[in-house]
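Side-chain atoms are counted along with the backbone in the values below, which use heavy atoms only and exclude waters and symmetry mates. Position 1 is the first residue of the sequence, and the numbers go up from there.
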Amino acid sequence: MTARRTVDTAADHAATTAAPAPARVGYGELLRTPGAWTFLSPALVARLPYAMLSMGILLLVTQTHGSYGTAGTVTAVAAVAQALIGPQTGRLADRYGQAAVLVPSVLVHAAAVGALIALALGHAPAWILFLIAVPAGASVPQVGAMVRARWVARFTADGASEASAARVSTAFAFESVTDEFTFVIGPILASGIAALASPATALVAEAALTVVGGLAFAAQRRTAPARIVPEPGTRRASALASPGVRLLAGTFLGVGAVFGGMQVSVNAFADSVGQHAAGGTVYGIFAGGSMLAGVLYGVIAWRRPVQQRMLISYALLVLGCSVLWAMPNLVALTVAGLTCGLAIAPTLISGYTLVETLVADGAKTEAFTWLTGAIGLGLAVGSMAAGRLIDGHGPSTGFLVPLAGAGAGLIVLVSLRHLLVAPGRGAAGTGAAAAQHGGAGRLVGAAEG
């Protein structure tokens with residue numbers, strides 16, 4: 001009995017010492033990281049156009065062709081192209097370096113957007129707009145994923161630890177806030193430029209910001225992650241080979257459907273009540289709710305496992321989307337949208353934190369772009385479906401799309417949540433420390449040559 005009590009006491013002590021108080025890293029400490037601002041500043045400029053592009057296309061094609069359905073479909077085609085090609089550019093960035101991918105991408109993007117503007121203003125047939133939307137979307141630079149990869153490389157350079165995991169988690173929260181900031185400012189900026197000048201001018205501004213920010217970000221080679229080249233005779237597996245990555249990409253499709261359905265439906269609802277210019281503001285407030293939640297998420301030292309946090313936030317997202325269709329006026333819709341947005345950032349932060357644990361070092365940028373691409377694909381489907389519903393049944397029916405997308409995502413997430421645990425780790429194992437499995441290969445330089 002004495003021996004048994006000794007074993008139990010030792011086990012209790014081990015359990016106690018194995019679960020220390022969670023590490024806490026503030027935003028101030030994060031932003032004081034040496035070299036951080038050298039890539040964060042140009043990255044913000046390069047990421048702002050992401051939210052301007054879909055809004056600009058929507059406004060331009062609606063103006064020139066008079067149909068939300070056509071405008072939503074053109075926006076959807078661009079988003080599908082971005083969703084399918086983005087992960088491939090992420091894979092190339094892991095292999096050849098970020099600058100080698102960014103420079104040609106931003107130049108192609110500017111040319112494609114310019115062609116789209118000219119064709120739309122020339123009242124080209126819709127199918128031609130669909131065709132030119134493909135390179136416009138496919139060439140969107142994956143700067144958000146590249147920034148996340150830089151944070152991971154910076155904080156895990158000396159190996160995985162509890163402290164590095166906490167820093168990565170805070171960095172992902174900060175990046176989610178940045179994403180949402182662009183979704184607050186981007187639609188408002190695009191709508192404002194369109195109102196003061198024209199939708200075409202808004203898209204010109206989008207292309208200009210993409211080129212300037214993208215080239216400036218690409219020039220910051222010192223902070224770029226090291227390239228990892230597979231050993232001769234080996235083949236690097238795609239990040240999508242991980243079942244957990246596929247699950248997260250599927251659930252992010254639902255989040256994208258919320259974005260796409262909201263964007264089209266809010267604009268149509270504002271039009272229906274004679275306040276067209278308010279559409280971008282209402283959508284920006286929706287994104288502002290997400291930004292606020294992201295700020296709070298990043299300053300809390302969480303004890304609950306990240307898998308559980310994602311389930312809870314996703315369920316709250318479905319709940320928020322369930323009332324959008326019933327809002328009687330623009331004020332009520334704004335409040336409902338703000339409430340719905342509060343669940344977005346916690347869901348995204350949790351997803352990005354989890355995917356970082358599920359892939360090896362040489363596939364992180366690709367993994368992040370699969371999630372970003374899934375959001376874009378969901379946005380595409382959501383935009384197109386909402387546009388068709390609005391054309392046939394009125395603006396309020398478009399809000400059924402966010403509910404359907406988020407609801408389907410939640411069902412998949414709950415059913416397959418066991419796939420979100422990294423190999424060899426318990427449910428609580430998250431963060432940078434879990435990301436150190438696999439990864440056979442050799443580093444090529446401390447940064448891009």
Atom pairs and distances, side-chain donor-acceptor, residues 244-265, under 3.5 Å, sequence neighbours left out:
unit_1: R246; atom_1: NH1; unit_2: L240; atom_2: O; d: 3.0
unit_1: R246; atom_1: NH1; unit_2: A241; atom_2: O; d: 3.1
unit_1: T251; atom_1: OG1; unit_2: L247; atom_2: O; d: 3.4
unit_1: T251; atom_1: OG1; unit_2: L248; atom_2: O; d: 2.8
unit_1: Q263; atom_1: OE1; unit_2: S54; atom_2: OG; d: 2.9
unit_1: Q263; atom_1: NE2; unit_2: S54; atom_2: OG; d: 3.4
unit_1: S265; atom_1: OG; unit_2: G261; atom_2: O; d: 2.7
unit_1: S265; atom_1: OG; unit_2: G398; atom_2: O; d: 3.2

Would L189 and I193 count as a side-chain contact (heavy atoms from CB on, under 4.5 Å) if you check the C-alpha gap in whole Å, the side-chain angles of each, and the deciding distance to 0.1 Å? CA-CA 6 Å; L189 184 59; I193 295 174; 4.0 Å; yes

Derivation of the side-chain contact (heavy atoms from CB on, under 4.5 Å) call for L209 and M52: CA-CA 10 Å; L209 288 171; M52 295 177 64; 3.9 Å; yes

Applying side-chain contact (heavy atoms from CB on, under 4.5 Å) to F286 and V266, what does each step give before you reach the verdict? CA-CA 10 Å; F286 156 73; V266 164; over 6 Å; no

Between V355 and W370, does the side-chain contact (heavy atoms from CB on, under 4.5 Å) criterion hold? Intermediate values first, please. CA-CA 10 Å; V355 81; W370 275 117; over 6 Å; no

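Contact annotation: the side chain of E366 never approaches that of R95 to less than 4.5 Å [non-hydrogen atoms, C-beta and beyond]. Residues Q308 and R417 fail the side-chain proximity criterion, which asks for heavy atoms closer than 4.5 Å. T223 is not listed as a side-chain neighbour of R154, based on a closest heavy-atom distance of 4.5 Å or more. With a 4.5 Å cut-off on side-chain heavy atoms, I349 and T353 count as touching. At a threshold of 4.5 Å between non-hydrogen side-chain atoms, the residues F217 and V147 count as touching. Side-chain contact between M55 and N267 is present, with heavy atoms from C-beta onward closer than 4.5 Å. Residues T75 and V61 have side chains not in contact (no heavy-atom distance under 4.5 Å, counting atoms from C-beta outward). Looking only at side-chain heavy atoms (C-beta outward), T334 and M327 stay at 4.5 Å or farther from each other.
Cation-pi check for R167 over F172 is not met; the charged atom does not lie both under 6.0 angstrom from the ring centroid and within 45 degrees of its normal.
Ring centers of W151 and F39: under 6.0 Å apart, within the cut-off.
Side-chain atoms of Y352 and T347 form no donor-acceptor pair, as typed in the model, at a separation below 3.5 Å. A donor-acceptor contact closer than 3.5 angstrom links the side chains of H109 and E206. In this structure, a donor-acceptor pair under 3.5 Å is present between the side chains of Y297 and S350. S198 and T201 form a side-chain donor-acceptor contact under 3.5 Å, judged by distance and modelled atom types alone. With no hydrogens or angles considered, no side-chain donor-acceptor pair links Q220 and R150 at under 3.5 Å.
Between the S322 side chain and the L319 main chain, a donor and an acceptor come within less than 3.5 Å of each other. Looking at S290, its side chain does come within 3.5 Å of a backbone N or O of A345 through a donor-acceptor pair. S41 places no side-chain N or O within donor-acceptor distance of the main-chain N or O of T38, the cut-off being under 3.5 Å.
The distance from the CE atom of M291 to the CG atom of L296 is 11.0 Å, given to the nearest 0.5 Å. Atoms CG and CE, on L410 and M310 in that order, are 10.0 Å from each other to the nearest 0.5 Å. How far CG of L102 is from OG of S139: 11.5 Å, rounded to the nearest 0.5 Å. Rounded to the nearest 0.5 Å, atoms CD1 (I285) and OG1 (T339) are 11.5 Å apart. Atom-to-atom distance recorded for L292:CG and I344:CD1 is 13.5 Å, nearest 0.5 angstrom. How far CG of L48 is from CG of L53: 12.0 Å, rounded to the nearest 0.5 Å.
Summarising the geometry of A218 relative to A99, their closest heavy-atom pair is O-CB, 3.6 Å, with the distance given to 0.1 Å. Nearest heavy atom pair, residue V77 against residue A133, reads CG1-CB, 3.9 Å. Nearest approach of L358 to L420, heavy atoms of both residues: CD2-O, 4.1 Å. Counting all heavy atoms, side chain and backbone alike, P199 lies closest to G56 at CB-O, 4.5 Å. Counting all heavy atoms, side chain and backbone alike, G289 lies closest to L342 at O-CD2, 3.2 Å. When every heavy atom of T62 is checked against every heavy atom of A71, the shortest pair comes out as OG1-CB, 3.3 Å.
Salt bridge present: R47 and E175 bring a charged side-chain N and a carboxylate O closer than 4.0 Å.
Each of L333, L403, L400 was checked for a side chain to side chain contact (heavy atoms under 4.5 Å, CB included) with L324, and the lone residue meeting it is L333.
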